[in-house]
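Just the heavy atoms: all of them, side chains too, but no hydrogens, waters or symmetry mates, feed the values below.
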Amino acid sequence: MATNASGLFTTPTVPSLRWKIKPSIRIFGSGFRSPDGISKRVFCSSTFEGSEKHVAASPSESRAPRLVSKGCKLIGCGSAVPSLKISNDDLAKVVDTNDEWISVRTGIRNRRILSGKESLTTLAVEAALKALEMAQVDVDDVDLILMCTSSPDDLFGSAPQVQKALGCKRNPLAYDITAACSGFVMGLVSAACHIRGGGFKNVLVIGADALSRFVDWTDRGTCILFGDAAGAVLVQACDSEDDSLLAFDLHSDGDGNRHLNAAFKESETDELGSNGSVLGFPPRRSSFSCLQMNGKEVFRFAVRVVPQSVEAALAKAGLPASSIDWLLLHQANQRILDGVSSRMQIPSEQVISNLANYGNTSAASIPLALDEAVRSGKVKPGHTIAAAGFGAGLTWGSTIFRWG
């Protein structure tokens, strides 16, 4: 039996042999839990069709691939925000608004905006280093970096630059995940899949966004909402008996893109000119438009799908809603947080919220809020958290995990 470049087993070279995989337990949609809700190692036995016709091989030659499911645990977190604070009163000097109008409708009073020499990469690195410090994991022990962002410093992604700035000497894999405000939840699930199926041990999941770059600062309907930030967690492999990432539920609906987007657009002027060549070539210079949002539709969408998603994840984990210690939602709008918790009958004192200080920080909002809750002593090791992200795409998803 040989391995390919990815390290996975390839099909045996004997042409008449076919594998029959017989899993010893059922694999569910969550990918994490068995029917009784208890995390288990997964062993797969394999046999050959027609093997009785062949001469028995030695034990080393006939041993079938064995898949052993690892567990995951979140053991460190960190966050970083820009130095420039913009209050509602500051915004009132730019657009026709005031502190009361903004705070009543959104719950937001301040937000942080990148300025000077700050960049999204520097924020991500600062958050990552804090997470590694809390987890007591050396930077050279990190073997995967997932950068969840929709506003990278480079069109081709910021993850490799984060890896470089962290000083990783072993060149671990680093790549971006683009899923807007759902990005961090998608990143957590991706980390778990890499650990369970790929043998990775220490995965940095970073949520970072600078949507201030794509906001129309003359539109009071959107510019009041967004801020810049970064948050990170260290997800580590563990024995399946200690698994802490219990279940997930993920969705997308491209039909809802019309309600929230920042679309690609061509320049209205043809700066290059065609010079008599083929019509439409060279292409015009292009960019992305400012963020466009139908607030009412996004609100309706969030309060409808988020409770359904969290409840689905709880069902996959085999847990009742009463087992949740904390509800941690994407920090989009206080009215959305209140609407979701009300529908789920979760007391407001069990809902983590910090958007009053930072606004909507997109993929950074969940890890930023988690980091503050952990460092303040609110979230303690062993607490069960239901986290949910939702936003552009439209995308949404939830995950159930235990902290520490």
Side-chain angles (χ1 to χ4, degrees), residues 27-33 72 74 77 146-150 175-197 203 205-209 231-233 235 243-257 259-261 297-319 321 324 326-333 336-337 339-341 343-344 346 351-352 360-370 384-403:
I27 306 299
F28 279 73
S30 70
F32 294 164
R33 310 297 285 182
C72 305
L74 284 69
C77 57
L146 302 177
M147 177 74 164
C148 309
T149 182
S150 297
Y175 66 88
D176 285 32
I177 294 176
T178 302
C181 303
S182 304
F184 182 75
V185 171
M186 310 302 177
L188 276 185
V189 175
S190 298
C193 291
H194 279 291
I195 288 172
R196 297 173 195 280
V203 181
V205 182
I206 305 169
D209 265 312
V233 299
V235 184
D243 184 37
S244 295
L245 189 51
L246 308 180
F248 64 85
D249 180 76
L250 308 174
H251 300 275
S252 62
D253 178 11
D255 187 56
N257 172 260
H259 301 312
L260 180 55
N261 62 75
E297 289 299 327
V298 171
F299 175 85
R300 293 190 186 109
F301 151 74
V303 297
R304 175 175 55 85
V305 303
V306 173
Q308 295 172 354
S309 181
V310 173
E311 288 166 359
L314 283 168
K316 291 175 184 178
L319 296 174
I324 297 176
W326 300 103
L327 180 63
L328 175 55
L329 304 179
H330 163 52
Q331 307 286 293
N333 184 306
I336 293 178
L337 272 62
V340 172
S341 59
R343 290 196 178 196
M344 296 189 65
I346 295 177
V351 180
I352 297 175
N360 180 342
T361 56
S362 192
S365 76
I366 291 176
L368 173 61
L370 174 64
T384 299
I385 300 172
F390 51 90
L394 296 170
T395 59
W396 68 99
S398 60
T399 181
I400 312 298
F401 66 89
R402 280 193 295 269
W403 174 251

What one should report as the nearest heavy-atom pair of Leu250 and Gly397 is CD2-CA, 3.9 Å
Minimum heavy-atom distance between Leu246 and Ala317, given as atom pair plus value: CB-CB, 4.0 Å
Going by atom types alone, do His251 and Asp253 pair a side-chain donor with an acceptor below 3.5 Å? no
Keeping Thr149 on the side-chain end and Ala208 on the backbone end, is there a donor-acceptor pair under 3.5 Å? yes
Looking at CG of Leu319 and CD1 of Ile400, how far apart are the two atoms once the value is rounded to the nearest 0.5 Å? 7.5 Å
What verdict does the side-chain contact (heavy atoms from CB on, under 4.5 Å) test give for Asn257 and Leu394, after you've listed the backbone C-alpha separation in whole Å, the side-chain angles of each residue and the deciding distance to 0.1 Å? CA-CA 6 Å; Asn257 172 260; Leu394 296 170; over 6 Å; no
Grab the two heavy atoms, one from Val298 and one from Leu260, that are nearest each other, plus how far apart they are. CG2-CB, 4.3 Å
Are the side chains of Leu188 and Val233 in touch, meaning some heavy atoms are under 4.5 Å apart? yes
Of all the heavy-atom pairs spanning Val185 and Ser398, show the shortest one and how long it is. CG1-N, 4.0 Å
Donor-acceptor pair, side chain of Ser341 and main chain of Leu327, under 3.5 angstrom: no
Do Phe301 and Trp396 come close enough that some side-chain heavy atom pair is under 4.5 Å? yes
Going through the checks in order, is the side-chain contact (heavy atoms from CB on, under 4.5 Å) test met by Leu245 and Arg196? CA-CA 11 Å; Leu245 189 51; Arg196 297 173 195 280; 4.0 Å; yes
Just so I know, are the side chains of Phe390 and Ser309 near enough to count as touching, which here means a heavy-atom distance under 4.5 Å? no
Determine whether Ser150 and Asp209 satisfy the following criterion, side-chain contact (heavy atoms from CB on, under 4.5 Å), listing intermediate values before the conclusion. CA-CA 6 Å; Ser150 297; Asp209 265 312; 3.9 Å; yes
Arg402 side chain to Asp243 main-chain N or O, any donor-acceptor pair under 3.5 Å? yes
Spell out, as yes or no, whether a donor-acceptor pair under 3.5 Å connects the side chain of Lys316 to the backbone of Asp249. no
Residues pairing under salt bridge (charged side-chain N to carboxylate O under 4.0 Å, His left out) where one sits in residues 298-312, two or more places apart or in two chains, turn out to be Glu297-Arg300
Would you name the heavy atoms of Pro307 and Val340 that are closest together and state the gap between them? CG-CG1, 4.0 Å
Can you give me the closest heavy-atom contact between Ala332 and Leu337, atom names plus distance? N-CD1, 4.4 Å
Give, for atom NE2 of His259 and atom CZ of Phe299, the distance between the pair rounded to the nearest 0.5 Å. 14.5 Å
Side chain proximity check, Ser244 to Phe401, heavy atoms < 4.5 angstrom: no
Applying side chain to side chain donor-acceptor pair (under 3.5 Å) as the test, list every pair that has at least one member in residues 175-190; sequence neighbours left out. Tyr175-His194, Ser182-Thr395
Applying side-chain contact (heavy atoms from CB on, under 4.5 Å), run through Ile324 and Ile346 and close with a yes or a no. CA-CA 9 Å; Ile324 297 176; Ile346 295 177; 4.2 Å; yes
Sequence neighbours excluded and cut-off under 3.5 Å, please list the side-chain donor-acceptor pairs for residues 363-370, or say none.
residue	atom	partner	partner atom	Å
Ser365	OG	His330	ND1	2.7
Ser365	OG	Gln331	N	3.1
Ser365	OG	Ser362	O	3.3

